[in-house]
Each structure stands twice: as C-alpha cells, then as structure tokens.
Amino acid sequence: MYKLLLCWRYLCTRYIALASIISVTLGVATMIVVNAVMAGFTHEMQDRIHGILSDLVFESRSLNGAPDANAHMERIRRVAGEHIAGMSPTVHVPAMLGYKIGEQYRTQQINLIGIDEATYADVSDFGRYLQHPANRDKLTFDLRDGGYDTVDHQAEDPAKAPPRKPMESAGWRYRRWKNRHAITAPNATAPPPELAVANPFDAPGASAVAPTELFNPLLEQHTGCVLGIALASYRDDKGVDTFLQLPGDDVEITYPSAGRPPKPLSAHFTVVDFYESKMNEYDTSFAFVPLQKMQELRGMIDPATGVANFNTIQIRLNDDADPELVRDLIRKEFPDFAYAVSTWRDKQGALLAAVQMETAVLNVLLFLIIAVAGFGILAIFYMIVVEKTRDIGILKSLGASGGGVMGIFTSYGLLLGVVGAGAGVIGGLLFVHYINEIADLLAHATGRPVFDPSIYYFQSIPAIVHPWTVAWVALGAMAIAILASVLPARRASAMHPVSALRWE
C-alpha cells in the first residue's frame, strides 16, 4: 500500500514529471491522428480504385483484342466458375477528346472504354459515381431530361457541399437552349414555354427568359458517352466546380482503328452524364461509350461471322473467394503471351505499396517522440533517486525490501505512462472527431486551406480509427515509460540503508 501512496504523492508534487506526461500525451495523440488520417486516405483510395477495377481483370495483350468474349467467359467459368459472381467484356483504348470552348478548340488525351451497360454495373461500382440518380440505378446512354445532381452526392454532408448550379439545366433542356438560334427548317415554330431557361454558363443571377427567336427542331442526339467530370470541368481553390461542358453537349473523340496498320478515326458523341470517382487519375482521363458502338466504330466486328473482338473482361468474385487463387487458376488456362490476368491490387500495386511504406515511416518517426519522452522520464527518475536517497535509506531501515523500493519507481513510471497515454488517447480521438472543424479554423486563421479540395478532390479529411491501433500505441507508450524507470529503480533498490542515511 505504501508504494501506491508514494507514487501518487510523487505524481501530485513533482511537477517536473508533467514534462514527461506532456511528451507522452503529444506523442500518443499525434500517432493516433496520423494513423487515423492515413487509414482514411488508404480506405478512400482503395475504395475508389476498386470502384472502377473489378476484382480480376482479364486482358488481351493486343490492342485489337481477341474474338468472341462469350467463348472466353465460358472457358473462365469452366476453371473458376464457383468463385465468380459476374463478368463483363470491355474495350479499352487510348484516344483523344476534343470540344470547343468559345472560339478555342480544346483537346485532351483520354482512356476510352466501351462498356456493356447491362452488365458493367454488376462487376464494378461504376454506377454509384454517376451524377444522375436514374443512371446510378440503371445506366443508359440516352440523354435524360434534367434531374442531375446539383451538389456532390458523395460528400460527407451534401447540404454543405458547394452547389453545381449549371447541372440544373443539364440534359435535353440544355440541349434545346443551345439549339434555339439555329433556324434551318422552313416550318420552324415559336419555342415552347418550357424553354424559359437561362444560359447555365451565364453569371449567377442571370434571369431565365424564354427565347423570342424562331425555334429549330432539335438536332438528334449522337451516341451517348459518360465523361470523367474533370475532363469537362475544373475545381478552384475553394472546391467549387466550373463546368466547360454539360450533359447535352457534343464532343469529338479520335481513336485508333482495329487493323493493320491502325488509323486514326473520329466520331461525335453526346455527353449524357459525368463520372466522379474522386480519384484524379480516373476523373481526368476516363470516358465511357457503349461497347457495341465502339466495336462497330473501330472495325472490331467480323463482317462474315458477326463475332466481335474485346480486349478486357472485368470479373467480380464472390465475397469469400481468394482473388490470387482465382487469378492463378485462370492464368493456367490461357497462354501468357496472349493474355494477362491481374487482381485489382496487382494493377495498383506500386501506389498501394507507397502508401503503406509512407504510413510505416511516419509511425517510426512519430514513435521516436514517445522514445524522447522515455529518456525524459529516465533523467527525471535519476534526479529523484539522488534527491530522495535519504528517504530511500529510511524506508529500507524500516524494513522495505529492495524489490519494494524498486516497485515504487517502476509503479511511478507506469503511472506516468498511464496518465500520459490516457490523456493522449482522449486528445487524439477528440482531434480526429473534430479534424475538419479544426482544419476550417486553421484555414480561416491563416487564409490558406489546410486541406485543399482542388488537390485531393474531396471536401473533407477522411479519418478512420482502428481500436487495435489505438490500443497498441497506448500500450507502447506505457511500456516505454516502464522501461525508462527500470534503471533508476534498480539503482534505488541496490542502495545500502546505512550509506543512504549517511548521504547528507
């Protein structure tokens, strides 16, 4: 009992110990915050990568692809059918996107992907990244008559997300407004009342006025396409999107033909929706068009047999399936020189490994902060042992054993670790809970965003707290505090009572 009483007295009266407690607290809190933020970023990144890539990707090594996707999928089912939940063929080629902005013609390199709208949503999370709610339920490449999201539906709090005002007019309503000045038909009539809509690219507050010019019957929609949202917009430093194109606009896509030698071909498409995964690599490069139309345009359909080529098959596995096992089974069935089979982690292995390495290095560096606190505890305890030499002699002369004296100091170290780690856990969890409010406060104070949405492409800082991580950080801090107290405790326990009493 006397050990606990002395430990508590030292804790309450030795204010220099507060320096060690604060060091432990800051180290533990920092490690919790960093691990939570890194876990949040890793989860968001993996979730979005996996959202566009299926569990497995079966690829032809030729850009022209391989014939008969159904025959290939049947072979895949024969060797791994019990593990497979769904498959969808695609065509994936590099291409060039072009459209006019005023008098300027803008071009940009893209990845053009032909998808089967009936099956593609079954093998990826493609649908949940679209901006029209109906397309999220069932994709169609037909232009819709309004109803597009005017805010970021993936935001943590959509009510606080910056509005996307032009999307109110997107779709057929916008396409009608665009074509109202084209008077080519001899029987042109006055515009209907529903055309009372302002130019969505006008300055805010512009009044919506029905056009008085004669109205030209609508030009027909070209083949529909879905663009990555960053291909047709840009985000400023306040996180607000400025649109250069809207659903209802036409774009020109230049792509290579299938054949020898490949030739550049072009076709016009009508934007029907935007794709926003919040992964900049995807949102600035992906464009999706109907699979059959892309096969026709590239000349991938054999005119004699009607069999179409494909160059990738996206494969969704059952929840309990081992992706690496299924990958190896499929690899054995097909020749390596003609096909490649990869898991979604294989496709992004370098990026995932870099994030894991960064997390590990940060943990090592931050754990050194707690180690520094341990050296502080060691120095303070040595000072206390020297200062309390006479008291130690009295305790030993009254019958306290060497183990009892050692227990006083190790218990004191444990108490410092428990208090410091406990305060660090509470502080770290509170910081994580209010991390976005703290970031907003710092941005307001400094005049610069702490978390720039134009870089990270989402509005709030993601954070995930893993209880086991918190537990290991706290236990590690307490272990360092105990180890730092062992050497001073051993010195105190080894003192002879007579020598200790003669100290002064």
**Prompt:** Given the rule in the side-chain hydrogen bond (donor to acceptor under 3.5 Å, both in side chains) test, do Ser54 and Ser124 qualify, once you have shown the distances and angles that lead to the verdict?
**Reply:** CA-CA 5 Å; Ser54 295; Ser124 73; 5.3 Å; no
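- With sequence neighbours excluded, no residue forms a side chain to side chain contact (heavy atoms under 4.5 Å, CB included) with Val364.
- With respect to the salt-bridge test (charged N to carboxylate O, under 4.0 angstrom), the residues Arg164 and Glu276 qualify.
- Atom CZ of residue Phe286 and atom CD1 of residue Ile115 lie 11.5 Å apart, to the nearest 0.5 angstrom.
- With sequence neighbours excluded, no residue forms a salt bridge (charged side-chain N to carboxylate O under 4.0 Å, His left out) with Asp273.
- For Tyr275 and Phe288, the ring centers sit closer than 6.0 Å to each other.
- Partners of Ala36 under the side chain to side chain contact (heavy atoms under 4.5 Å, CB included) rule, at least two apart in sequence or in another chain, are Val432, Ala463, Val465.
- Here side-chain hydrogen bond (donor to acceptor under 3.5 Å, both in side chains) pairs that include residues 73-87, with residues two or more places apart or in two chains, are Arg75-Glu333.
- At least one donor-acceptor pair closer than 3.5 Å links the side chain of Asn35 to the backbone N or O of Met31.
- Taking the side-chain hydrogen bond (donor to acceptor under 3.5 Å, both in side chains) definition, one finds that Thr119 meets it with Ser88, Asp116, sequence neighbours left out.
- The minimum heavy-atom distance linking Leu297 with Ala267 is given by the pair CD1-CB, 4.0 Å.
- To the nearest 0.5 Å, the span separating CD on Gln109 from OG1 on Thr284 amounts to 10.5 Å.
- A donor-acceptor pair under 3.5 Å is formed between the side chain of Thr270 and the backbone N or O of His222.
- Evaluation of the side-chain hydrogen bond (donor to acceptor under 3.5 Å, both in side chains) rule for Tyr120 yields no partner, not counting sequence neighbours.
- Two residues are said to be in side-chain contact when any heavy atoms from C-beta on lie closer than 4.5 Å; Val91 and Leu291 meet this criterion.
- Remark: Asp125 pairs with Arg128, Arg316 by the salt bridge (charged side-chain N to carboxylate O under 4.0 Å, His left out) rule, at least two apart or across chains.
- Using a 4.5 Å cut-off on side-chain heavy atoms (C-beta onward), Leu97 and Arg106 make no contact.
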**Asked** How far apart are the C-alpha atoms of Tyr174 and Asp249, what are their side-chain angles, what is the distance that settles it, and do they pass the side-chain hydrogen bond (donor to acceptor under 3.5 Å, both in side chains) test?
**Response** CA-CA 8 Å; Tyr174 169 62; Asp249 277 315; 3.0 Å; yes
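- In this structure Asp328 satisfies the side chain to side chain contact (heavy atoms under 4.5 Å, CB included) test together with Arg331, sequence neighbours excluded.
- We find the CG-CD1 distance between Asp55 and Ile315 to be 9.0 Å, quoted to the nearest 0.5 Å.
- Looking at heavy atoms from C-beta onward, Leu63 lies in side-chain contact with Pro256 at the 4.5 angstrom threshold.
- Under the side-chain hydrogen bond (donor to acceptor under 3.5 Å, both in side chains) criterion, Tyr339 pairs with His72, sequence neighbours left out.
- Arg175 and Asp250 are joined by a salt bridge, as a carboxylate oxygen and a charged side-chain nitrogen come within less than 4.0 angstrom of each other.
- Here the two rings, on Phe334 and Phe58, have centers that are under 6.0 Å apart.
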**Message:** Applying salt bridge (charged side-chain N to carboxylate O under 4.0 Å, His left out) to Arg327 and Asp346, what does each step give before you reach the verdict?
**Reply:** CA-CA 10 Å; Arg327 176 198 63 192; Asp346 294 335; 2.8 Å; yes
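- Checked against side-chain hydrogen bond (donor to acceptor under 3.5 Å, both in side chains), Ser277 has the following partners two or more places apart in sequence or in another chain: Asp283.
- Of the options Phe274, Phe141, Tyr148, a ring-ring contact (aromatic ring centres under 6.0 Å, His included) to His132 is made by Tyr148 and by none of the others.
- A heavy-atom distance below 4.5 Å is found between the side chains of Pro67 and Val307.
- Using a distance-only test at 3.5 Å, with no hydrogens or angles considered, no donor-acceptor pair links the side chain of Asn64 to the main chain of Ala258.
- Judged as a salt bridge (charged side-chain N to carboxylate O under 4.0 Å, His left out), and not counting sequence neighbours, the contacts of Asp149 are Arg136.
- Residues that satisfy the salt bridge (charged side-chain N to carboxylate O under 4.0 Å, His left out) test with Arg298, not counting sequence neighbours, are absent from this structure.
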**Request:** Check the pair Gln108, Tyr99 against side-chain hydrogen bond (donor to acceptor under 3.5 Å, both in side chains), reporting the backbone distance first and the verdict last.
**Result:** CA-CA 9 Å; Gln108 186 170 345; Tyr99 55 84; 5.4 Å; no
